[in-house]
Structures are given as C-alpha cells and as structure tokens.
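Encoded as structure tokens, the structure appears first; notes follow it.
Atoms within each ligand, like the ligands themselves, are counted from 1 in listed order. Note that the structure is a prediction, hence the values are computed from the model and not measured.
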Amino acid sequence: MNGRYGNFISGQEDFEGEELVLKSPADGTSIATVALATSEKTKEAIDAASEAFGKWSKTSLPERQALLLKLAERVQSRAEDYSQLESLNTGKTIRQSTLMDIPLGIEHIRYFATTKDFPISREIEHPEYPGTRGIVQYEPIGVVGAIAPWNVPFLMAVWKLAPPLLAGNTVVLKPSHYTPLTALELARDIKEAGFPDGVVNTLTGRGSTVGETLVSSPKVNMISFTGSTSTGEKLLSSSKGVKKFTLELGGKSPNIVFEDANLNKAVNGVLFGIYLNSGQLCESGSRLIVQASIREKFLSILKEKLEKMRAGNPLDMETDLSAITTAEQKKKIESMVDDGVKRGATMYYQKQIARVVPAGGMYYAPTLLTEVSNDIEIGREEVFGPVLVALDFEREDDALDIANDTAYGLAAGVWSKDLDKAKRIASRIEAGTVWVNEYHLLSAAAPRGGFKKSGIGRELGLEGMLEFTQTRHIFVNETGEIDDVAYGLVLSE
Ligand code: NAD
C-alpha cells in the first residue's frame, strides 16, 4: 500500500510537517507515511471547526443524517481497502477487520444516519405551575475535541464522529499517531460525501502536542476522550476553562462462569473475551472467575482449544491471533507477566508461537496465569494484551465479591443456563456493560462506558448521543394565571 497521508484542516489535506513512517506490527515493513500535526496546526483546525459550527449547527437533522448515510455508502463501497489498511496498521487479523471492525463501523454510521431516537425537543409539564408548559431543546455543544486510542481505530473514528455530527457539533479528531490510517481515509471520504469544510478536521499527532492543545483550548467546548485511565486522569487535571468531558477508559473485566453453564460455549466465550485482538480491547475479559467445582475441567478444555488457535501472519485469513500493535505495549505486557510470575502467579499455559509468526513482527504468546493474588499488579491492573488470569469461587456472593474487587468497572460476562440467576448477578456487577452468555458484542443502540475508574459518560445509544448536546428549557406561561401569586412575593399591589 505505502500511502502518504496529510492532516485534514477545513477540507484540505495538508502535508506540511514532520513525516512519520508507520511500520507494520506484523513484520516491521514500512506501510505509510503521515505528516505529524503541530500545536499550530491544531489551533488552525480548531479555528476551522469553530467557524464551521455556525452554519453546521443550523442545518436540519435530516440534512445531517443524509450526509452520514452518504458516508456509510461510500465507505461500504471501499470496505475491503479499509479492512486491509486497518490490519496493516494495527496488526489485527484480517479476519477480524473484514468480518467485524469495518462492517460494524459502517453499520454504526448507518445507525446514526437513520435513527429516529435523537430528540430535537420535547414538551414537559411543570407540576408546580399549572397553566405553564416547558419546551426542552437539545442543542449542540460546539467544537468537540475527540481523542482516540490505537486499538480499534476505525470503530473509534466512527464513534467519535457520527454521534457529535448528528447532534450538530463540529469535530477535531485526533486518532492515535500509531494507527491513524483508517481515520485519515475516512477524512478523505467525509470530503467526498459532501460534508462542508471544517465540520470534521482530522489530525495525526502526539498527545503532548495535538492532544494537549485540544484540551487546553478555550475554543474547544467538549473533549470526548478514549484511552487509558492514567491519561484520562491527567486530562482532567490539566484542562483549562470550562468544558465538558466524557472519558472512556481502561478495564479489568471479569468473566464469571457458573457450574451450570454450557461449558463448551462458555470456554469459547472466555477465549473470545480475552484473545480477540490479542486482548488489546478495553472490555477484554481478562479475569476468568470460574466456579471451583468445574475449575479443572474448564481450564483443561480452555487449554486444549487455545492450543489449536492459529498464530501466524495477521494478513492471512486463517490466522486467529493478532499481533501486538506497538513496541511499548509489547514491553508492558512482558514486564507485567514477568513481574506476576515473580510474585507467585503460576504460568498454567503459554502458547508456543515464535516459529510460526513473521520475523520482525511484534507478538506476545497467549498466556493463562493461575494462583494470581488480587494484591499484585497483574491481578488488579489492565494488561491490554493476551493474558488471562484465572480465579475461582465457591458461592454466588463470592463470585460477585471477586468481580467487584477492582478499581475498574467497564464490562463483565456471566455464564449460566439459569437466566434468572445470571440476570440477578449481572445487575449486581459494577460495570457499564454486562453480557449474559455472550461477550464483546456491541450495538450502536446500547450505551457503553464505565463505572468507577473506567470512565465518565457514555458512548453510543441514546445516552451517547445526548452527551453531545446541551439542553435549553423554554418556560412558557400560556394563561398568565400564576403571575399574581408569584409576583405577589415582591409586588404587594
Ligand atoms: P493512551 O491513554 O496512551 O492514549 C489515548 C489517546 O490520548 C491517544 O490519542 C494519545 O495520543 C492521547 N494522549 C496521550 N497523552 C495525552 C495528553 N496529555 N493530552 C491529550 N491527549 C493525550 O491510550 P492508548 O495506549 O492509546 O490506548 C489503550 C487504552 O485505551 C487502554 O487503557 C484501553 O482500555 C483504553 N480504551 C478504552 C476504551 C473504552 O471505550 N473504554 C476503548 C478502547 C481503548
């Protein structure tokens, strides 16, 4: 492929700036060059978004939805290019890009392009004041600074653009400088679809330049951030002025398996939960909590299936396991696992992959650790890699105690044939998404986000759309009848 990409400011692709050569995580070869944006370029993009807001915010909802639909159709016609590029840039398997990330992203643009759920306004009664009515209007907020991580770049770009645009905001999107390619392709298609210049501006850059400029700019009215909990905390403390924040952060999600679960399905669900994208997903089910009575049997089936999963070149449609996207991430995984083993965790199984993956690539062998204490880092902190820790429990309440004994609260899974029990447990787990006999499946109609250190606010669904709005309440006295009572408080005649 070897494309050359610039930054999109006010509808123009701008190639000025330091060139960054992106390398394939799968084998280390060069795949593209991108121009890194500076703080100055970021300010230009913010000005463009600010200027475009005036007209864009006054367009009608059907006009905005028509453009989103055009975009969905355009991306659909190039879905294969997007899948190739996504896998080249991230090292995720081409099967995952082709069958999940890209089609799901297109479906999500289409969802926001056609949803009837976005409220323009609603009427209310004021129970205290008969004879009056209220109109609540949902207005856009202004310029949204959208900051994304490197793990699911296309889906992330869609989630960071479609809902705020639908609500009438303009956006400056900063994909991660490790994986900006599909967001930059999307920027090209946004122009082709006919969005007015400046409504979407896409900049590749580092957190310390583009990211910090977005967060500190008084012209940016909202930051929609997805990334690690530590960066999210830093953003909140470094923000200047008054702006809204939504933060989608990290997780250490439990996957609870009861003895009455369909074992085969639960094993598949647990493997899917942790090894999809090689564990580099915020909601990865990284803590298996299995009922003690089935522990041995469950772990042995799990190991057997893991042995059969195929490592190899991610661009091969047969490969099951993704590469690790960045060298820094690979080092972090290695050091967390080494430290865990030093502190008493047992290496129950680690797959041998060295001989089958391409030389020059970045890979980490799927790993299963047991005897992991919750006091050590690998038991408590997000690894963001293909590392599962297995814990066990005797009674329902113990499962819940272990599941909730974490600072995070992003997602969880519950596996049981007894749906009443599973739903009862699900509603006591402190997490923004809980799957019952399922994992990872995302719907554009459902809000996602975190409890506790996993975030503030929601993305997707009605709740996610409303995050990009501010309300105006118009209080109308239709009859004039209450004036005498109210005004009598200060006017005696
Ligand atoms: P990260 O926090 O290092 O970076 C995220 C983004 O923030 C990047 O674009 C980065 O350049 C930018 N950034 C870094 N420092 C910044 C600063 N000072 N000011 C402004 N922007 C700054 O995260 P990452 O390593 O790219 O992604 C992995 C993390 O993302 C994991 O913790 C994962 O759980 C989380 N994640 C969460 C969700 C979710 O929906 N909750 C989804 C995907 C990933």
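A donor-acceptor contact under 3.5 angstrom links the side chains of Thr231 and Ser228, judged on distance only. No side-chain donor-acceptor contact under 3.5 Å links Asn221 and Lys243.
Of the candidates Val215, Val210, Thr226, Ile147 forms a side chain to side chain contact (heavy atoms under 4.5 Å, CB included) with just one, namely Val215.
Between Arg448 and Glu283 there is a salt bridge, since a side-chain N of the basic residue sits under 4.0 Å from a carboxylate O of the acidic one.
A heavy-atom distance below 4.5 Å is not found between the side chains of Pro164 and Trp159. In this structure, Met222 and Thr246 have side chains that are in contact, with non-hydrogen atoms separated by less than 4.5 Å.
Residues of the protein with a heavy atom under 4.0 Å from ligand 1 are Ile147, Ala148, Pro149, Trp150, Asn151, Met156, Lys174, Ser176, Gly207, Gly211, Glu212, Phe225, Thr226, Gly227, Ser228, Thr231, Lys234, Leu235, Glu248, Leu249, Gly250, Cys282, Glu382, Phe384, Leu410, Arg448, listed by chain and number.
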